[in-house]
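What follows is one structure encoded as structure tokens, with my remarks underneath.
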Amino acid sequence: MQLTVVGSGDAFGSGGRLQTSYHVSWAAGDFLIDCGATTLIGMQKLGLDPDRVGTIFISHLHGDHFAGLVWWLLHAHYVTGRTAPLTIVGPAGIEQRFATAAEALFPNSTQIDRRFEMTFYEHAAEVPATFGDVTVTPFEVQHPSGATPYALRIECAGKVITFSGDTKWVENLLPAANGADLFIAECFGFLTPTGHHMCWRDIESHLDQLAAKRVMLTHMGPDMLANRAAVRDQRVLLAEDGLRVAV
């Protein structure tokens, strides 16, 4: 299984990075974790085919994590002529939020006669849901976004990838990350938490408790980017756009 970092940036493009999105490929297919507005740009740069992606998992309903779905719809219809079904799994209200965003950005875009089925499902906290060969278990976190935000524990082909989503430190991250082959952790700040985001001090102090085999820091703001060299724990990777990680 291979994970490709399509976008590792914050909402503001700090460090020139694209918005959040992770592409996972294994023998039976591809799926996506989050789909920020710049996702298609990143995938085209990396030579990743969006029509191979069968499922997109969304952690929370901020634009830098789900707005790329709008361009995904139009690209699938007008550019590639997609016919394969697409499943989108996210917080309660995701279908309506998607429709609202699509109509605001491209009026009447939700009315096009699609050649592919686009189906929405909603997370239920700590209830595993299986889509094909992939099972996702959402754990509630804290990040106000108009709907419940989640960390996502995703199991596929005998491997576990957990994504924290955006959140301040919460204890629910411990069961979400426990034993994961890769825990992708948002790390906006270096020593001081900012708003409902984590910092490196939060993550470093809980590394043993998280019990993940590897941790990848992402969604880094200016202060964290400036202090990346201070992260020396061998269990920890630093995300970069385009980074490919064998899981």
Side-chain angles (χ1 to χ4, degrees), residues 1-5 7-10 20-24 26 31-34 57-60 62 65 91 123-129 134-143 145 148-221 223-225 227-240 243-247:
M1 181 184 296
Q2 180 172 267
L3 179 140
T4 301
V5 180
S8 62
D10 58 17
T20 300
S21 188
Y22 305 94
H23 178 277
V24 181
W26 81 109
F31 64 86
L32 211 64
I33 305 172
D34 275 1
F57 298 100
I58 301 296
S59 64
H60 68 286
H62 275 158
H65 292 258
H123 296 309
E126 299 183 39
V127 177
V134 185
T135 297
V136 59
T137 305
F139 291 80
E140 185 174 342
V141 293
Q142 291 189 29
H143 190 76
S145 51
T148 304
Y150 295 100
L152 304 178
R153 181 181 176 91
I154 298 174
E155 301 175 56
C156 177
K159 301 292 184 179
V160 176
I161 298 171
T162 296
F163 174 46
S164 69
D166 283 2
T167 182
K168 62 188 292 185
W169 173 263
V170 293
E171 293 300 303
N172 254 358
L173 292 172
L174 298 179
N178 184 45
D181 294 280
L182 179 66
F183 174 46
I184 306 168
E186 78 109 302
C187 185
F188 184 76
F190 179 52
L191 296 179
T192 305
T194 301
H196 286 77
H197 290 282
M198 288 189 285
C199 68
W200 168 235
R201 177 178 286 171
D202 293 325
I203 297 164
E204 183 182 32
S205 65
H206 290 96
L207 277 174
D208 291 335
Q209 291 174 278
L210 286 165
K213 295 175 184 176
R214 286 186 293 176
V215 175
M216 183 166 69
L217 306 184
T218 190
H219 205 279
M220 292 179 275
D223 188 41
M224 184 60 212
L225 288 170
N227 287 281
R228 282 173 292 171
V231 179
R232 299 189 180 92
D233 193 296
Q234 293 187 352
R235 294 169 289 183
V236 179
L237 310 173
L238 298 172
E240 301 277 352
L243 177 67
R244 299 181 193 270
V245 180
V247 180

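No hydrogens, no waters, no symmetry mates; every other heavy atom, side chains included, goes into these values. Everything numeric here is computed off the predicted structure, so don't read it as measured data.
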Backbone of Phe188 reached by a side-chain donor or acceptor of Glu186 within 3.5 Å: yes

Under 4.5 Å between any side-chain heavy atoms of [X] and [Y], yes or no?
{"X": "Glu204", "Y": "Asp233", "answer": "no"}
{"X": "Phe183", "Y": "Leu210", "answer": "yes"}
{"X": "Thr218", "Y": "Thr20", "answer": "no"}
{"X": "Val236", "Y": "Leu207", "answer": "yes"}
{"X": "Val160", "Y": "Arg153", "answer": "yes"}
{"X": "Ile58", "Y": "Asp34", "answer": "yes"}
{"X": "Val134", "Y": "Cys156", "answer": "yes"}

I need the minimum non-hydrogen distance between [X] and [Y], along with the two atoms involved.
{"X": "Ala185", "Y": "Ser164", "answer": "CA-OG, 3.6 Å"}
{"X": "Gln142", "Y": "Thr167", "answer": "N-OG1, 3.0 Å"}
{"X": "His60", "Y": "Pro149", "answer": "CB-CB, 3.7 Å"}
{"X": "Ala180", "Y": "Thr162", "answer": "CB-OG1, 3.8 Å"}
{"X": "His143", "Y": "His196", "answer": "ND1-O, 2.8 Å"}
{"X": "Pro193", "Y": "Asp202", "answer": "CG-OD2, 3.8 Å"}

As an exercise, state the distance from [atom1] of [X] to [atom2] of [Y], rounded to the nearest 0.5 Å.
{"X": "Phe190", "Y": "Leu225", "atom1": "CZ", "atom2": "CG", "result": "12.0 Å"}
{"X": "Leu217", "Y": "Arg228", "atom1": "CG", "atom2": "CZ", "result": "11.0 Å"}
{"X": "Leu173", "Y": "Met198", "atom1": "CG", "atom2": "CE", "result": "5.0 Å"}
{"X": "Ile184", "Y": "Ser8", "atom1": "CD1", "atom2": "OG", "result": "11.0 Å"}
{"X": "Thr192", "Y": "Arg201", "atom1": "OG1", "atom2": "CZ", "result": "6.5 Å"}

Met224 vs Val231, side chain to side chain contact (heavy atoms under 4.5 Å, CB included): CA-CA, chis, key distance, verdict: CA-CA 10 Å; Met224 184 60 212; Val231 179; 3.6 Å; yes

Candidate pair Met216 and Leu182, rule side chain to side chain contact (heavy atoms under 4.5 Å, CB included), full reasoning: CA-CA 7 Å; Met216 183 166 69; Leu182 179 66; 4.1 Å; yes

Side chain to side chain contact (heavy atoms under 4.5 Å, CB included) against Lys213, all qualifying residues, sequence neighbours excluded: Asp181

Check against side chain to side chain contact (heavy atoms under 4.5 Å, CB included), Val245 and Arg214: CA-CA 11 Å; Val245 180; Arg214 286 186 293 176; 3.5 Å; yes

Under 3.5 Å side-chain donor-acceptor pair for Asp166 and His62: no

Test ring pair (Phe, Tyr, Trp, His ring centres under 6.0 Å) applied to Phe31 and Phe163, Tyr22, Phe57, the passing residue: Phe57

Test side chain to side chain contact (heavy atoms under 4.5 Å, CB included) applied to Leu152 and His123, step by step: CA-CA 10 Å; Leu152 304 178; His123 296 309; 3.6 Å; yes

